Q: 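Structure below; questions to follow.
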Amino acid sequence: MKTLTKEKSSAFTDTENISGALAIVKCLLEEQVEYIFGYPGGAIMPVYDAMYDYQEELKHILNRHEQGAVHAAQGYARATGRVGVCIATSGPGATNLITGIADALIDSTPLVCITGQVPKRLIGSDAFQETDVIGISLPVTKWNYQITKASEIPEIFAKAFYIAASGRPGPVLIDITKNAQIEMLDYYYKKCDHVRSYVPVPKANPTEIERAAELINKAKRPFLLFGHGVTISGAEKELKEVIEKTGVPAAWTIMGLSALETEHPQNVGMLGMHGNYGPNILTNECDVMIAVGMRFDDRVTGDLNTYAKQAKVIHLEIDPAEVDKNVKTEVALVGDCKVTMQALLPLLKKNNHKPWLQRFHDCMKMEQEMIIEKELHPSKEGMTMGEVIRRINDRTDGRAIIVTDVGQHQMVACRYARFQQHRGNITSGGLGTMGFCLPAAFGAKLGAPNRDVVAIIGDGGFQMTLQELGTIWQTQTNVKIVILNNEFLGMVRQWQQLFFDKRYSATELVNPNFVAISKGFGIDAERVDKRENLDDALNRMFGCEQSYLLEIMVEKEDCVFPMIPAGASVSQIRLS
């Protein structure tokens with residue numbers, strides 16, 4: 001038997017006879033995992049025991065709930081581009097991960113989720129804390145696998161990390177029976193670089209690239225839409241080169257926000273239900289639409305029967321399943337969008353579309369007068385969410401990571417935050433998970449310790465995972481937490497106001513004392529209910545070297561505009 005070592009990453013050329021639990025720890029070290037977010041329990045206890053001797057190399061974060069662990073792993077992955085890792089016990093521990101796993105799948109976030117399981121001999125017997133997590137997680141994972149013997153561990157872990165990170169990233173779940181953790185194996189680790197019949201990165205057809213270039217070069221009113229795929233592939237530079245060479249206006253989905261600096265003259269704003277006026281109404285006037293790393297989500301398209309029917313659509317997408325799923329394409333460039341844009345660039349002609357671009361600017365001027373000025377410089381006494389977001393932005397110079405929960409504050413933050421640095425926006429996009437923000441902000445700060453991380457949360461979503469304040473305090477992590485409190489489930493209330501005759505059914509909140517709760521967790525906090533006190537409070541928050549919480553009271557019945565009513569065309573966007 002070899003003497004065990006604690007080297008962070010070493011390619012073993014000889015085998016070691018070790019326990020399955022220790023093999024799991026060594027696999028994580030081989031993959032250079034920095035943090036593992038989790039919560040212990042009986043079915044995963046052997047792994048926790050093995051981690052005890054590796055606390056310096058593999059930092060375990062004790063979250064206060066398994067959902068907090070998986071969201072923290074998401075925040076870490078989104079801030080860094082690396083695989084996030086979380087761990088939980090069997091039964092309720094495993095099922096508490098499912099919401100975050102589903103969130104990671106739809107937002108293409110690379111995760112490896114490890115769950116303990118009852119011994120193999122007890123599977124199917126309704127043993128204590130036994131749950132069929134493989135069956136439950138099958139629809140919301142990129143891949144899952146149940147390990148029932150120790151000898152499987154190295155190969156399955158190597159495969160899991162490869163699948164999670166390659167191609168279109170996503171969550172992988174490994175369920176490990178307790179007997180597999182205890183058994184001995186001859187350990188040898190080899191990183192995975194391919195899986196039979198799995199093609200993570202297709203290569204775009206050169207002929208189709210030429211067709212796409214020809215369409216763009218001949219277009220009179222081209223329009224580029226970009227999404228999360230640009231950030232995932234690290235294609236921010238290529239995106240900027242494409243739009244600057246062609247002169248094409250560019251708009252973003254909320255998952256694409258921060259891939260292009262907000263103040264770029266060809267950045268024309270946000271798409272979708274609460275997006276900017278111009279990008280929505282002019283969608284149905286462009287002649288060529290170039291979609292880069294986005295999937296035509298219903299919140300972007302509105303009524304598909306009326307969406308961009310006049311346009312020839314060029315879709316740059318890594319996942320073939322997304323092509324022609326919602327919007328019919330003229331040219332599909334299936335591949336990594338960074339590589340595809342690199343191939344496309346030499347074929348594109350230098351151009352400008354100033355009259356067409358000016359139409360977007362004219363729409364923005366109208367929106368500025370009718371909505372934005374009133375939001376940023378309100379005449380009423382109560383504070384608006386938009387003015388708070390912009391004042392936060394002023395103090396971070398657009399370089400902070402802003403993490404949002406789900407609701408009105410999320411839409412306002414996306415609309416009014418200005419970004420100068422990539423990977424600056426982290427939110428729950430496709431699933432819309434309330435409770436995402438606080439643990440995700442914590443994970444993001446661990447992944448990007450040199451950047452300010454600001455959590456923007458509604459009073460409803462905050463109460464779903466506020467126990468993670470304990471994790472933040474225990475680890476002494478510096479997260480700035482801002483609760484925009486309107487004493488409502490604001491987005492639902494807005495719909496009730498506009499479409500249900502103000503019948504506010506189950507949306508008004510009687511909230512606890514958030515400041516007292518925060519201080520109870522050891523995090524300094526204060527409440528701001530007057531505009532004249534806001535700047536000083538923000539200065540205190542950003543001047544503090546530790547975590548800080550601000551509860552900011554905002555107007556109770558403000559609505560987020562523009563807005564496309566559910567099921568309506570993007571051309572039917574409302575300004576009021």
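None of the values given here were measured: they were computed from a predicted structure. Index from 1, following the sequence.
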Q: With a cut-off of 6.0 Å (strictly less than), are more than 12 heavy atoms of other residues, nucleotides or ligands near CZ of Arg540?
A: yes

Q: Considering residues, nucleotides and ligands other than Phe500, do more than 12 of their heavy atoms fall under 6.0 Å from its CZ?
A: no

Q: About how many Å separate NE2 of His228 and CD1 of Ile254, when rounded to the nearest 0.5 Å?
A: 11.0 Å

Q: Is it the case that Arg395 places NZ or CZ above or below the six-membered ring of Phe542, under 6.0 angstrom from the centre and within 45 degrees of the axis?
A: no

Q: Please check if the number of heavy atoms outside Gln55 that lie under 6.0 Å from its CD is greater than 12.
A: yes

Q: Please tabulate, one pair per line, all N/O donor-acceptor pairs under 3.5 Å involving side-chain atoms of residues 509-520, not counting sequence neighbours.
A:
unit_1 : atom_1 : unit_2 : atom_2 : d
Asn511 : OD1    : Gln463 : NE2    : 2.7
Asn511 : ND2    : Asp459 : OD2    : 2.9
Asn511 : ND2    : Asn485 : OD1    : 3.3
Asn513 : OD1    : Val515 : N      : 3.1
Asn513 : OD1    : Ala516 : N      : 2.9
Ser518 : OG     : Ile523 : O      : 2.9

Q: Give the minimum heavy-atom separation between Gly435 and Met464, together with the two atoms involved.
A: CA-CB, 3.9 Å

Q: Which atom names give the shortest non-hydrogen contact between Pro202 and Pro200, and what distance separates them?
A: CD-O, 3.6 Å

Q: Table please: side-chain donor-acceptor pairs of residues 42-51 below 3.5 Å, with sequence neighbours left out.
A:
unit_1 : atom_1 : unit_2 : atom_2 : d
Tyr48  : OH     : Tyr39  : N      : 3.0
Tyr48  : OH     : His60  : NE2    : 2.7

Q: Is it true that atom CD of Gln476 has more than 12 heavy atoms of other residues, nucleotides or ligands lying nearer than 6.0 Å?
A: yes

Q: Identify the heavy atoms of Pro320 and Val334 that sit nearest to each other, and give their distance.
A: CG-CG1, 3.8 Å

Q: Is it true that Glu322 and Arg168 make a salt bridge, defined as a side-chain N closer than 4.0 Å to a carboxylate O?
A: yes

Q: Is any NZ, NE, NH1 or NH2 atom of the basic residue among Asp297 and Arg295 found under 4.0 Å from an Asp or Glu carboxylate oxygen of the other?
A: yes

Q: Can any side-chain N or O of Thr433 pair as donor or acceptor with the backbone N or O of Asp103 at less than 3.5 Å?
A: no

Q: For the NZ atom on Lys556, are there more than 12 heavy atoms of other groups (residues, nucleotides or ligands in this structure) within a distance under 6.0 Å?
A: yes

Q: Between Lys480 and Lys445, does a side-chain contact (heavy atoms from CB on, under 4.5 Å) hold up when you go through it step by step?
A: CA-CA 10 Å; Lys480 306 308 182 188; Lys445 182 63 178 180; over 6 Å; no

Q: In Å, rounded to the nearest 0.5 Å, how long is the span from OG of Ser151 to CG of Leu185?
A: 7.0 Å

Q: Take atom CD in Gln467; do more than 12 heavy atoms of anything else shown fall under 6.0 Å from it?
A: yes

Q: Are there more than 12 heavy atoms of other residues, nucleotides or ligands under 6.0 Å from atom NZ of Lys325?
A: yes

Q: Do you know which two heavy atoms are closest between Tyr187 and Pro154, and how far apart they sit?
A: CD1-CG, 3.8 Å

Q: Any donor and acceptor pair, going by atom type alone, linking the side chain of Gln410 with main-chain N or O of Ser428 inside 3.5 Å?
A: yes

Q: Would you call Glu34 and Arg82 a salt bridge, taking side-chain N to carboxylate O under 4.0 Å as the test?
A: yes

Q: Take Phe442 and Tyr76 through the test ring pair (Phe, Tyr, Trp, His ring centres under 6.0 Å) and record every step on the way to the result.
A: CA-CA 8 Å; Phe442 165 70; Tyr76 176 87; over 10 Å; no

Q: State, without any angle test, whether Asn478 and Ser547 hold a side-chain donor-acceptor pair at a distance under 3.5 Å.
A: no

Q: Before giving the answer on side-chain contact (heavy atoms from CB on, under 4.5 Å), spell out for Ile36 and Ile61 the whole-Å C-alpha distance, their side-chain angles and the decisive distance to 0.1 Å.
A: CA-CA 6 Å; Ile36 181 167; Ile61 303 298; over 6 Å; no

Q: Would you sort out whether Leu257 and Met270 count as a side-chain contact (heavy atoms from CB on, under 4.5 Å), showing the intermediate values?
A: CA-CA 8 Å; Leu257 177 56; Met270 174 177 164; over 6 Å; no

Q: Do the side chain of Arg451 and the main chain of Arg399 share a donor and acceptor less than 3.5 angstrom apart?
A: yes

Q: Are Ile481 and Leu550 close enough, and set up right, to give a side-chain contact (heavy atoms from CB on, under 4.5 Å), and what steps lead you there?
A: CA-CA 6 Å; Ile481 305 159; Leu550 281 186; over 6 Å; no

